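Remember, it's a predicted structure, so these values are computed and weren't measured experimentally. The figures here come from the full heavy-atom set of this structure, side chains too, leaving out hydrogens, waters and symmetry mates. Numbers restart at 1 for each chain; the letters A, B, ... are given by sequence-line order, proteins then strands.
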Number of protein chains: 2
Amino acid sequence: MAGIEGDDSATTSGSTLGYALLSLLTRGPATGYQLTQQVKAPLGHFWTARHSQIYPELARLSAAGWVDSVEQAGPGPRAKKTYAVTAAGLTALRAWLVIPPTAQPRSEITLKAYAATSADPVAMAALYTDLAERSTRLLAEYEQDASRMRAAGQDDPGNPRFGNYAVLMMGVESQRVVHRWALWLASCLRTGRPVPYGEPPG
Amino acid sequence: MAGIEGDDSATTSGSTLGYALLSLLTRGPATGYQLTQQVKAPLGHFWTARHSQIYPELARLSAAGWVDSVEQAGPGPRAKKTYAVTAAGLTALRAWLVIPPTAQPRSEITLKAYAATSADPVAMAALYTDLAERSTRLLAEYEQDASRMRAAGQDDPGNPRFGNYAVLMMGVESQRVVHRWALWLASCLRTGRPVPYGEPPG
DNA sequence: CACAACATGTAATAGGTTACATGATTTC
DNA sequence: GAAATCATGTAACCTATTACATGTTGTG
């Protein structure tokens with residue numbers, strides 16, 4: 001700051017949310033509202049954001065020169081703004097992508113399993129049986145999405161939407177794991193005795 | 001508040017961190033420092049907390065009557081406090097455990113995969129090859145921990161430390177998934193052509 | 001004697017959720 | 001005409017990270 005002009009250099013190091021929005025915008029220009037929808041799936045299986053977080057972040061990205069926007073009037077009291085990544089934004093995204101990620105995942109279902117023996121075994125087994133059922137439903141959904149994507153050629157790394165497919169593959173694998181693990185855990189809690197992991201359920 | 005006494009009813013609904021600490025304390029009394037160490041593994045594979053978050057939370061749990069503490073003098077300028085779960089704390093924990101969890105997992109490695117095609121394919125493939133290597137190391141560690149635990153009878157749901165084993169099993173499965181997925185992704189990016197998921201690596 | 005480990009706290013900041021606020025257009 | 005969808009923002013609150021602050025005990 002302090003009187004020095006021309007400080008619009010690439011020193012701005014954005015937030016993870018900012019990079020997530022840039023990633024979405026590489027699929028094409030979008031409004032804040034559309035980004036709020038698009039973040040739901042498949043990205044939303046591993047990363048979520050609400051509109052109240054997205055709108056202020058778009059303003060910050062715009063101030064940093066990483067996106068620009070055109071206004072289109074209505075509907076509602078305010079102008080509709082369509083955002084697009086700038087060359088500077090794409091450069092920043094590319095630089096961020098190749099930094100090895102460090103953040104640990106956070107899983108509430110696993111945290112509850114850590115204290116599983118403190119609760120009623122029957123209730124706790126039911127919890128994990130329900131979880132296994134939910135993962136079955138999700139898995140079916142994801143597999144359908146995956147075959148639709150393959151039919152559209154999105155499993156090709158040359159396709160700009162290949163990332164959607166990569167994220168979905170992780171979703172499929174994760175739900176398979178949740179399914180197996182939840183059934184194993186439920187089986188342990190129901191029988192009250194050690195169950196070897198990976199055995200077919202009884 | 002407001003003049004009404006006897007408001008120490010079970011209306012206090014704690015934070016997730018609070019329940020995580022209660023879960024740790026079901027293994028036995030501990031100081032804030034010890035909890036900071038114990039949260040690292042295996043719980044830390046899916047849930048983390050720093051001491052700066054733990055100390056204030058212990059104060060809140062204490063105020064709610066969910067834990068109590070004894071002071072032991074030193075070392076350092078302040079007294080050392082050893083915390084233990086109270087009956088009320090255990091009741092609260094049990095009630096929380098059977099609530100179906102809703103929180104979505106958050107994974108930075110998957111987020112980066114979403115934008116994989118925006119970066120240099122060689123650099124990006126290297127990132128995921130490194131990730132696969134790291135998961136191999138972690139998997140070996142976890143498997144060792146698992147056989148130690150089995151030898152100690154912690155794979156028995158009757159054992160109060162069974163939760164440690166359940167969390168570790170999720171860790172093992174998760175690292176296996178990360179390994180397969182990262183190698184698949186690296187293979188896609190290196191060859192630039194669609195690679196069927198689950199094929200042995202070339 | 002330096003350095004790691006033990007031990008407990010607070011302050012400032014960043015990240016994220018819930019709730020508040022407004023209003024047009026489209027569909028049943 | 002009611003309800004869903006489109007569309008954008010702010011405020012209050014909760015959660016989590018980084019940095020600041022202090023001081024002892026044990027090990028090489």
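- For B:W47 and A:Y114, the gap between ring centers reaches or exceeds 6.0 Å.
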Between the protein and nucleotides 20-28 of chain C, list every N/O to N/O distance that falls short of 3.5 Å.
{"residue": "C:dA24", "atom": "O4'", "partner": "A:G76", "partner atom": "N", "Å": "3.1"}

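- Judged by distance alone, with hydrogens and angles left aside, B:T16 brings no side-chain donor or acceptor close enough to the base of D:dT15 to form a pair under 3.5 Å.
- A donor-acceptor pair shorter than 3.5 Å can be found between the side chains of B:Q72 and B:T82.
- Judged purely by distance below 3.5 Å, without hydrogens or angles, the side chains of A:R106 and B:T48 pair a donor atom with an acceptor atom.
- Per the geometry, CG belonging to B:L61 stands 12 Å off P belonging to D:dT15, to the nearest Å.
- Summarising the geometry, the separation between CD on A:Q53 and C1' on D:dA12 is reported as 15 Å, rounded to the nearest angstrom.
- Residue A:K81 places its side chain closer to D:dT8 than to any other of C:dG9, C:dT17, D:dT8.
- Whole-Å rounding puts the A:Y55 OH to D:dA11 C1' distance at 17 Å.
- Classification of A:R180 and B:E173 as a salt-bridged pair holds, one side-chain N sitting under 4.0 Å from a carboxylate O.
- Remark: P of D:dT17 and CZ of B:R106 are 12 Å apart, rounded to the nearest angstrom.
- Side-chain nitrogen and oxygen atoms of B:R50 include none within less than 4.0 Å of the OP1 or OP2 phosphate oxygen of D:dA16.
- Note on ring orientation: taking the six-membered ring where Trp is involved, the planes of A:W96 and A:Y19 are parallel (angle under 30°, cut-offs 30° and 60°).
- Residues of residues 26-42 of chain A that place a heavy atom closer than 4.0 Å to DNA chain D, in numerical order, are A:T31, A:G32, A:Y33.
- As rounded to whole Å, 13 Å separates atom P of D:dT15 from atom CG of B:L21.
- Atom P of nucleotide D:dT15 and atom CD of B:Q104 are separated by 19 Å, given to the nearest angstrom.
- Rounded to a whole Å, the CG atom of A:L17 is 9 Å from the C1' atom of C:dG16.
- Note: CD (B:E71) to P (C:dC6) measures 21 Å, nearest angstrom.
- Partners of B:R161 under the side-chain hydrogen bond (donor to acceptor under 3.5 Å, both in side chains) rule, at least two apart in sequence or in another chain, do not exist in this structure.
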### Task
Could you please spell out the steps behind the side-chain contact (heavy atoms from CB on, under 4.5 Å) verdict for B:L17 and B:Q53?
CA-CA 9 Å; B:L17 173 64; B:Q53 211 185 346; 3.6 Å; yes
Quiz item: Between B:W181 and B:Y197, does a ring pair (Phe, Tyr, Trp, His ring centres under 6.0 Å) hold up when you go through it step by step?
Solution: CA-CA 8 Å; B:W181 176 81; B:Y197 196 96; 8.5 Å; no
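- The aromatic rings of B:F162 and B:Y165 lie tilted to each other, with the angle between the two planes from 30° to 60°.
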